[in-house]
Amino acid sequence: MEQRILGRTGRNVSIVGLGTWQLGADWGNVDPDQAQAILAASVEAGVTFFDTADVYGDGKSEQAIGKFLADNRGLDITVATKMGRRMDQVPENYTLANFRQWVDRSRKNLGTDTLDLVQLHCPPTPVYSNNEVYDALDTLVSEGAIRNYGVSVERTDEALEAIRRPGTASVQIILNAFRLKPLDEVLPAAKAAGVGIIARVPLASGLLSGKYSKETTFADNDHRNYNRKGEAFDVGETFSGVDYELGLKAVAEFEQLVPAGATTAQAAIAWIAAQDGVTTVIPGARNVDQATANAGASSVEVSSEFDEGVRWIYDHYFREAVHPRW
């Protein structure tokens with residue numbers, strides 16, 4: 001699989017990585033053995049980048065990755081985790097003391113002395129412009145607790161603020177066929193600054209898999225059930241913030257663009273990876289087949305006609321509601 005340099009980390013990572021929110025919680029239950037099988041299948045398919053967070057299953061996702069790496073020593077895998085959502089989401093909680101506690105817990109979960117990449121996990125907007133926050137992150141680097149740091153954002157203005165900081169190695173942002181705003185300013189700014197872009201929610205919480213219908217139901221502990229209106233966290237994280245039934249109509253249009261030999265999900269992932277400035281795309285997987293198929297998106301070719309079609313769908317269905325918000 002093609003490898004790209006992840007911004008200021010200097011590390012090569014696969015253009016399709018693995019998002020591991022599903023291995024912790026919030027998407028229904030995942031058996032621990034199945035989690036190990038998903039990680040193994042991803043690596044077998046060429047994936048060299050895992051993305052996790054300390055709150056995914058309250059550490060279960062990190063622990064699953066830690067076990068996998070302990071059982072498969074010598075693999076060249078970059079692991080990015082996130083921190084900041086285990087306390088109240090207020091700017092005053094983003095301190096060096098708290099960072100040290102969160103990082104120490106993640107190091108234990110992942111079984112490593114030094115974390116490859118730690119990302120602030122969609123903190124309150126004022127955090128991105130706080131000099132003391134970046135000083136604290138620089139301290140963690142100097143102490144050897146982390147190698148690099150980045151941010152995970154909800155909005156493009158947050159991404160642009162973080163990109164201006166010389167220590168920011170990467171920005172993680174929602175980018176998919178239903179969320180095109182990052183193409184306007186964020187990707188060009190990141191490329192110019194040498195900052196990596198990690199594209200998350202590439203399938204719009206599964207909508208762009210083409211497998212859902214009006215009759216599809218989700219488990220009680222699945223955020224696609226309990227967060228449709230933003231009851232638990234930013235609604236943009238669930239179905240990319242688009243109306244579910246409108247999303248189904250747009251997917252029907254998207255499916256007409258999918259090249260022969262590719263699945264709808266593979267085409268959606270491949271389109272993101274083809275955007276100038278994107279480093280890696282991190283779809284999740286609930287089983288081995290999904291993990292293998294997602295990685296296979298790396299070989300799907302994206303035509304100019306496909307790209308034009310994606311932009312038409314966005315303009316027709318979503319731009320008015322989505323573009324001003326995130």
Side-chain angles (χ1 to χ4, degrees), residues 1-21 23-24 35-36 38-40 42-43 46-56 59-86 99-122 133-134 136-153 162-163 165-173 190 194-200 278-284 295:
M1 188 186 300
E2 180 185 347
Q3 307 283 307
R4 295 174 183 167
I5 295 176
L6 181 57
R8 293 169 176 156
T9 71
R11 299 174 71 95
N12 281 310
V13 299
S14 52
I15 61 170
V16 179
L18 177 69
T20 64
W21 190 3
L23 304 190
Q36 295 300 303
I38 290 169
L39 294 167
S42 296
V43 171
V47 169
T48 62
F49 182 72
F50 295 158
D51 179 81
T52 185
D54 57 2
V55 291
Y56 293 169
K60 289 181 181 177
S61 175
E62 288 183 329
Q63 291 164 11
I65 293 172
K67 181 181 186 308
F68 177 78
L69 295 177
D71 292 344
N72 296 273
R73 296 191 182 278
L75 291 177
D76 186 16
I77 303 294
T78 298
V79 179
T81 191
K82 308 183 199 74
M83 66 178 183
R85 302 194 71 85
R86 301 190 70 249
F99 288 177
R100 283 192 173 122
Q101 291 182 14
W102 300 337
V103 163
D104 285 349
R105 184 173 183 269
S106 290
R107 290 195 296 173
K108 181 178 179 181
N109 284 341
L110 287 164
T112 185
D113 293 330
T114 306
L115 300 173
D116 294 332
L117 175 65
V118 172
Q119 305 155 97
L120 297 182
H121 198 171
C122 300
V133 167
Y134 294 94
L137 292 168
D138 287 333
T139 297
L140 293 176
V141 173
S142 67
E143 292 175 347
I146 66 177
R147 291 189 178 89
N148 299 279
Y149 62 82
V151 296
S152 183
V153 305
I163 288 168
R165 303 290 175 151
T168 301
S170 63
V171 168
Q172 183 173 146
I173 193 167
V195 171
I197 290 290
I198 303 167
R200 78 172 185 277
V278 170
T279 308
T280 185
V281 187
I282 51 170

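Heads up: numbering here begins at 1 and tracks the sequence. Reckoned from all heavy atoms, side chains included, excluding hydrogens, waters and symmetry mates. These numbers were taken from a predicted model, which means no experiment stands behind them.
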One should read off an interatomic distance between Ile146 CD1 and Leu140 CG, to the nearest 0.5 angstrom, of 4.5 Å
If you define the side chain from C-beta out and look only at heavy atoms, does anything of Leu137 sit under 4.5 Å from Val141? no
Original post:
Any sub-3.5 Å donor-acceptor pair from Glu2's side-chain atoms to Ser14's backbone N or O?
Top reply: no
For Ala169 and Asn148, the nearest pair of non-hydrogen atoms, with its separation, is CB-CB, 4.0 Å
Indicate yes or no: at least one non-hydrogen side-chain atom of Leu120 is less than 4.5 angstrom from one of Phe99. yes
- Message: Measuring only between side-chain heavy atoms, which start at C-beta, is Ser170 closer than 4.5 Å to Arg8?
- Response: no
Ile77 and Arg11 have their tightest heavy-atom pair at O-NH2, 3.9 Å
| request: Compare all side-chain heavy atoms of Phe49 with those of Ile15 and state whether any distance is below 4.5 angstrom. | output: no
Next on the checklist: Main chain of Thr20, side chain of Thr52: is a donor-acceptor contact present, judged purely on distance under 3.5 Å?
Outcome noted: no
ask   = Between the side chain of Ser106 and the main-chain N/O of Val103, is any donor-acceptor distance below 3.5 Å?
value = no
Of all heavy-atom pairs linking Ser42 and Leu18, the shortest is OG-CD2, 3.6 Å
Next item on the list: Carefully, step by step, assess Asp54 and Trp102 under the rule side-chain contact (heavy atoms from CB on, under 4.5 Å).
Entry: CA-CA 8 Å; Asp54 57 2; Trp102 300 337; 4.2 Å; yes
So CG of Asn109 and CD of Glu62: to nearest 0.5 Å the spacing works out to 4.5 Å
Can you find a heavy atom in the side chain of Arg86 that is under 4.5 Å from one in the side chain of Gln101? no
* **side-chain contact (heavy atoms from CB on, under 4.5 Å) between Lys60 and Leu23, worked out** => CA-CA 7 Å; Lys60 289 181 181 177; Leu23 304 190; over 6 Å; no
Interatomic distance, CG@Asp116 vs CG@Leu6, rounded to 0.5 Å, equals 10.0 Å
- Under 3.5 Å side-chain donor-acceptor pair for Asn12 and Gln3: no
Residue pair Arg147 / Thr114, side-chain donor-acceptor N/O under 3.5 Å
no
Practice item. Look only at the side chain of Arg4 and the backbone of Val278, and say whether a donor-acceptor pair between them is shorter than 3.5 Å. Key: yes
>> Donor-acceptor pair, distance only, cut-off 3.5 Å: does the side chain of Arg107 make one with the backbone of Asp113?
In response: yes
_What I want to find out is whether Lys67 reaches Asp71 closely enough, with some N-O distance under 4.0 Å, to be called a salt bridge._
yes
Would you call Val43 and Phe50 a side-chain contact if the rule is heavy atoms closer than 4.5 Å? yes
Distance-only, no hydrogens or angles: does the Gln119 side chain make a donor-acceptor pair with backbone N or O of Leu117 under 3.5 Å?
-> no
Q: Could you give me the CA-CA distance, side-chain angles and deciding distance for Val16 and Thr280, then say whether side-chain contact (heavy atoms from CB on, under 4.5 Å) is met?
A: CA-CA 5 Å; Val16 179; Thr280 185; 5.7 Å; no
inquiry  = If we ignore hydrogens and angles and just use 3.5 Å, is the side chain of Thr168 paired with the main-chain N or O of Ala162 as donor and acceptor?
reply    = yes
### Message
Taking Tyr56's backbone N and O only, do any of them form a donor-acceptor pair with Ser61's side chain (distance below 3.5 Å, no angle check)?
### Response
no
Worksheet item: When you check the gap from the basic side-chain N to the acidic O, do Asp51 and Lys82 get nearer than 4.0 Å?
Response: yes
| Any side-chain heavy-atom pair of Leu110 and Ile65 under 4.5 Å | yes
What one should report as the nearest heavy-atom pair of Leu39 and Ala64 is CD1-O, 3.7 Å
> Passes side-chain contact (heavy atoms from CB on, under 4.5 Å), Met83 versus His121? Steps please.
Replying inline: CA-CA 5 Å; Met83 66 178 183; His121 198 171; 5.9 Å; no
On a heavy-atom basis, the closest approach of Thr48 and Asp76 is CB-O, 3.7 Å
Practice problem: Using only heavy-atom distances, determine whether the side chains of Arg200 and Ser152 contain a donor-acceptor pair under 3.5 Å. | Solution: yes
_With a 4.0 Å cut-off on N to O distance, would you call Arg100 and Glu143 a salt bridge?_
yes
